[in-house]
Amino acid sequence: MLTMINRFINYSHQSIRAARYIGQSFMITLSHANRLPVTIQYPYEKLITSERLRGRIHFEFDKCIACEVCVRVCPINLPVVDWKLESEIRKKRLFNYSIDFGICIFCGNCVEYCPTNCLSMTEEYELSTYDRHELNYNQIALARLPMRVIDDYTIRTILTSTN
Ligand code: SF4
Ligand code: SF4
């Protein structure tokens, strides 16, 4: 008889504990009910990027003096600066400039140290491609300005609290 009573008490305690856990989890569920979803329906919705986003680099050919500072400050010596010294005018002539975004770590050193500010970081982050060699941007690809997210009327833009 005593064993039966003990079992009944144990069972009651376990039932009360289980009911408390269910109640707690239900309260947590309820507390999330009036929150907005964290995820967005990309690519139909896009976040407005931060002004300091380190996206794809933009390059202005006319401003570049081929000093190669960007190469020296790059942790992987990535930018390729193709120039020739014009002896008559004692000046470097720039022919080609390229950055391979398949290798770039977007540290921003080249942008920060360029003496003529011909490099800048854009808000473009959609660089996926089927062929990684397509990520090697020459001066023409680097000169393209990306469309700003807020100017794209085909999508819905979302402002985050971190902006
Ligand atoms: S640091 Fe600037 S100016 Fe010098 S080579 Fe690089 S991009 Fe051109
Ligand atoms: S962002 Fe960094 S890794 Fe990329 S090219 Fe510039 S210095 Fe090199």
Side-chain angles (χ1 to χ4, degrees), residues 24-163:
Q24 281 172 351
S25 52
F26 192 63
M27 290 308 289
I28 290 168
T29 308
L30 269 184
S31 72
H32 284 75
N34 61 348
R35 288 191 191 176
L36 290 172
V38 176
T39 52
I40 60 161
Q41 300 300 313
Y42 180 88
Y44 310 108
E45 294 177 345
K46 286 182 189 173
L47 296 175
I48 295 176
T49 51
S50 159
E51 276 180 23
R52 290 173 297 162
L53 180 93
R54 291 181 186 167
R56 196 260 300 164
I57 293 167
H58 176 256
F59 172 68
E60 291 171 76
F61 191 89
D62 296 340
K63 281 193 191 172
C64 180
I65 54 172
C67 64
E68 293 192 79
V69 166
C70 53
V71 184
R72 286 197 292 277
V73 297
C74 176
I76 43 180
N77 297 344
L78 185 57
V80 176
V81 190
D82 175 21
W83 56 268
K84 188 179 165 227
L85 185 67
E86 298 283 352
S87 42
E88 309 89 61
I89 53 171
R90 297 176 67 194
K91 222 173 160 187
K92 289 174 178 176
R93 181 190 290 272
L94 180 67
F95 291 109
N96 292 297
Y97 187 93
S98 64
I99 295 177
D100 188 347
F101 292 112
I103 305 169
C104 176
I105 56 170
F106 299 90
C107 65
N109 271 3
C110 54
V111 175
E112 192 159 328
Y113 288 97
C114 173
T116 61
N117 291 329
C118 59
L119 296 170
S120 55
M121 293 193 120
T122 66
E123 61 180 51
E124 185 180 345
Y125 56 86
E126 292 162 313
L127 296 171
S128 57
T129 170
Y130 286 109
D131 181 358
R132 63 173 300 157
H133 299 295
E134 288 174 13
L135 292 171
N136 193 0
Y137 282 34
N138 63 7
Q139 67 267 17
I140 297 165
L142 287 169
R144 184 180 53 79
L145 276 170
M147 181 191 253
R148 298 177 68 205
V149 175
I150 51 170
D151 293 336
D152 189 352
Y153 297 110
T154 60
I155 54 154
R156 193 167 153 244
T157 49
I158 309 228
L159 188 68
T160 60
S161 54
T162 53
N163 281 311

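The shown structure was predicted, so the numbers you read here are calculated from the model rather than taken from an experiment. Note that these values count all heavy atoms, side chains included, but never hydrogens, waters or copies made by symmetry. Positions are given from 1, in the same order as the sequence printed here. Whatever order the structure lists ligands and atoms in, that order sets their numbers, starting from 1.
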Salt bridge between Lys46 and Glu126, side-chain N to carboxylate O under 4.0 Å? yes
Charged N to carboxylate O below 4.0 Å: is that the case for Glu86 and Lys91? no
Would you say Asp152 and Thr154 are linked by a side-chain donor-acceptor pair, where the criterion is simply a distance under 3.5 Å? yes
Answer with side chain, backbone, both or neither: which part of Glu68 has a heavy atom less than 4.0 angstrom from an atom of ligand 1? backbone
Using a 4.0 Å heavy-atom cut-off, say whether Ile65 meets ligand 1 through its side chain, its backbone, both or neither. both
Leu85 and Ser87: side chain to side chain contact (heavy atoms under 4.5 Å, CB included), yes or no, with the steps? CA-CA 6 Å; Leu85 185 67; Ser87 42; 5.5 Å; no
Does the ring center of Phe61 lie less than 6.0 Å from the ring center of Tyr97? no
Report, in ascending order of atom number, the atoms of ligand 1 lying under 4.0 Å from any heavy atom of Pro115. 1 (S)
Atom 6 (Fe) of ligand 2: protein N, O or S atoms [distance under 2.8 Å]: Cys110 SG
Counting only heavy atoms not in Gln41 (residues, nucleotides, ligands), do more than 12 fall under 6.0 Å from its CD? no
Is Tyr97 close enough to touch ligand 1? Criterion: a residue heavy atom under 4.0 Å from a ligand atom. yes
Cys67 N/O/S atom closer than 2.8 Å to atom 4 (Fe) of ligand 1: yes
